Amino acid sequence: MQDLYKLTDKDVKKAAIVLKDAFINYPTFQYLFPDQKEREKKLISVMSFFTSCGLIYGEVLAPSKNLEGISIWYSSNDLNFGFRGLFKAGLIETFFKLNIKSFIKFKNLGDAKRANREKLLGNDYYLLDLIGVDPKFKKQGHAKAMINTMLERIEKKRMANLPAYLHYGV
């Protein structure tokens, strides 16, 4: 089992850039931000928000301190985000950095994702909500290392009977 680096608040900006680069051409974000230049700017805000939520409610891991890739994991028990945590994660700042139309699309997608997850997945599980590898480090086994290490950790905790799901990944 590889030791993964557990991100802290000081890593949020760099993690957001790694995830922005990994997801720049992802269809969901092309839908939210059709203009490429706008997408590049706004994805940093979105990915900062996602990373901060992961730090507050789940676990954010990378292969090493170099942040070749980022994975955001949650236990199903951690997915009931309260407004205080969302505020701390930067919801208000994200709102102001996105235009209202993009923010509404972003919120609607999040609501649909949550509703479908609750309907399809049941009660107890682990969720790999987001995984992305810096394009400079693709095809080097970083995503596999993050997934396998976390699955081994879940199994060691005697929670192997809990399913694990992936939501977004590139």
Side-chain angles (χ1 to χ4, degrees), residues 4 7 11-63 66-76 78-81 85-86 89-122 125-148 150-151 163-170:
L4 298 177
L7 278 70
D11 299 307
V12 170
K13 185 174 182 178
K14 184 174 180 188
I17 292 167
V18 168
L19 290 170
K20 181 261 307 174
D21 290 344
F23 283 93
I24 193 67
N25 293 315
Y26 194 71
T28 298
F29 298 115
Q30 288 178 332
Y31 164 73
L32 286 172
F33 315 114
D35 180 74
Q36 176 85 17
K37 287 184 181 184
E38 176 190 22
R39 188 176 332 123
E40 288 182 17
K41 290 179 196 171
K42 296 191 180 210
L43 264 183
I44 291 181
S45 297
V46 169
M47 294 307 180
S48 292
F49 177 69
F50 286 167
T51 303
S52 294
C53 285
L55 290 172
I56 294 167
Y57 292 105
E59 197 166 11
V60 184
L61 303 169
N66 297 325
L67 307 188
E68 300 91 343
I70 307 296
S71 60
I72 303 175
W73 294 82
Y74 296 100
S75 161
S76 56
D78 299 329
L79 288 168
N80 295 316
F81 298 178
L86 293 173
L91 180 65
I92 303 303
E93 292 88 351
T94 304
F95 172 79
F96 284 110
K97 288 183 180 176
L98 305 181
N99 63 44
I100 190 70
K101 185 177 176 183
S102 294
F103 186 82
I104 290 169
K105 286 181 186 179
F106 178 64
K107 182 192 176 307
N108 290 342
L109 285 171
D111 291 345
K113 177 177 142 179
R114 187 172 26 266
N116 286 328
R117 185 174 57 232
E118 289 171 3
K119 188 167 80 174
L120 296 172
L121 301 185
Y125 55 89
Y126 273 89
L127 179 69
L128 173 51
D129 192 46
L130 188 69
I131 186 169
V133 174
D134 186 321
K136 296 182 298 242
F137 297 103
K138 284 203 175 220
K139 307 263 187 215
Q140 296 180 20
H142 296 297
K144 182 178 180 179
M146 289 187 285
I147 292 169
N148 288 343
M150 192 62 179
L151 292 177
Y165 298 97
L166 166 64
H167 201 272
Y168 291 122
V170 284

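Treat the numbers as computed from the prediction; the structure is a model and nothing was measured. Throughout, numbering of the chain's residues begins at 1 and tracks the sequence.
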Residues that [X] engages under side-chain contact (heavy atoms from CB on, under 4.5 Å), provided they are two or more places apart:
X: A145; result: Q2
X: E93; result: none
X: I24; result: K20, Q36, R39, E40, L43
X: I56; result: K88, A89

Non-hydrogen side-chain atoms of [X] and [Y] separated by less than 4.5 Å:
X: L7; Y: L67; value: yes
X: D134; Y: Q140; value: no
X: P63; Y: M146; value: yes

List in chain and number order the residues that pass salt bridge (charged side-chain N to carboxylate O under 4.0 Å, His left out) with [X], two or more places apart in sequence or in another chain; answer none if no residue qualifies.
X: K144; value: none
X: D35; value: none
X: D21; value: none

Kindly give the heavy-atom pair with the smallest separation between [X] and [Y], and that separation in Å.
X: A16; Y: S48; answer: CB-OG, 3.2 Å
X: G132; Y: V18; answer: O-CG1, 4.5 Å
X: T94; Y: S45; answer: OG1-O, 3.9 Å
X: V60; Y: L55; answer: CG2-N, 3.5 Å

Test of ring centre spacing under 6.0 Å for F23 and F50: no
Spatial distance of atom CD1 (I44) from atom OG1 (T51) [nearest 0.5 Å]: 11.0 Å
L19 CG to F29 CZ distance, which is reported to the nearest 0.5 Å: 9.0 Å
Under the side chain to side chain donor-acceptor pair (under 3.5 Å) test, residues paired with S71 that sit two or more places apart: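 Testing S71 for side chain to side chain donor-acceptor pair (under 3.5 Å), a comparison that skips the adjacent residues, returns W73.
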Results of side chain to side chain donor-acceptor pair (under 3.5 Å) for D111 - residues two or more places apart only: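 Result, side chain to side chain donor-acceptor pair (under 3.5 Å) vs D111: K107, R114.
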Test side-chain contact (heavy atoms from CB on, under 4.5 Å) applied to L130 and M47, step by step: CA-CA 10 Å; L130 188 69; M47 294 307 180; 4.0 Å; yes
Derivation of the side-chain contact (heavy atoms from CB on, under 4.5 Å) call for N66 and F137: CA-CA 11 Å; N66 297 325; F137 297 103; 5.8 Å; no
side-chain contact (heavy atoms from CB on, under 4.5 Å) between F49 and L86, worked out: CA-CA 8 Å; F49 177 69; L86 293 173; 3.8 Å; yes
Side-chain donor/acceptor pairs under 3.5 Å, residues 96-104, sequence neighbours excluded:
unit_1	atom_1	unit_2	atom_2	d
N99	OD1	K101	N	3.2
N99	OD1	S102	N	2.6
N99	OD1	S102	OG	3.0
N99	ND2	E38	OE2	3.2
S102	OG	L32	O	3.2

Residues in ring pair (Phe, Tyr, Trp, His ring centres under 6.0 Å) contact with F33, at least two apart in sequence or another chain: none
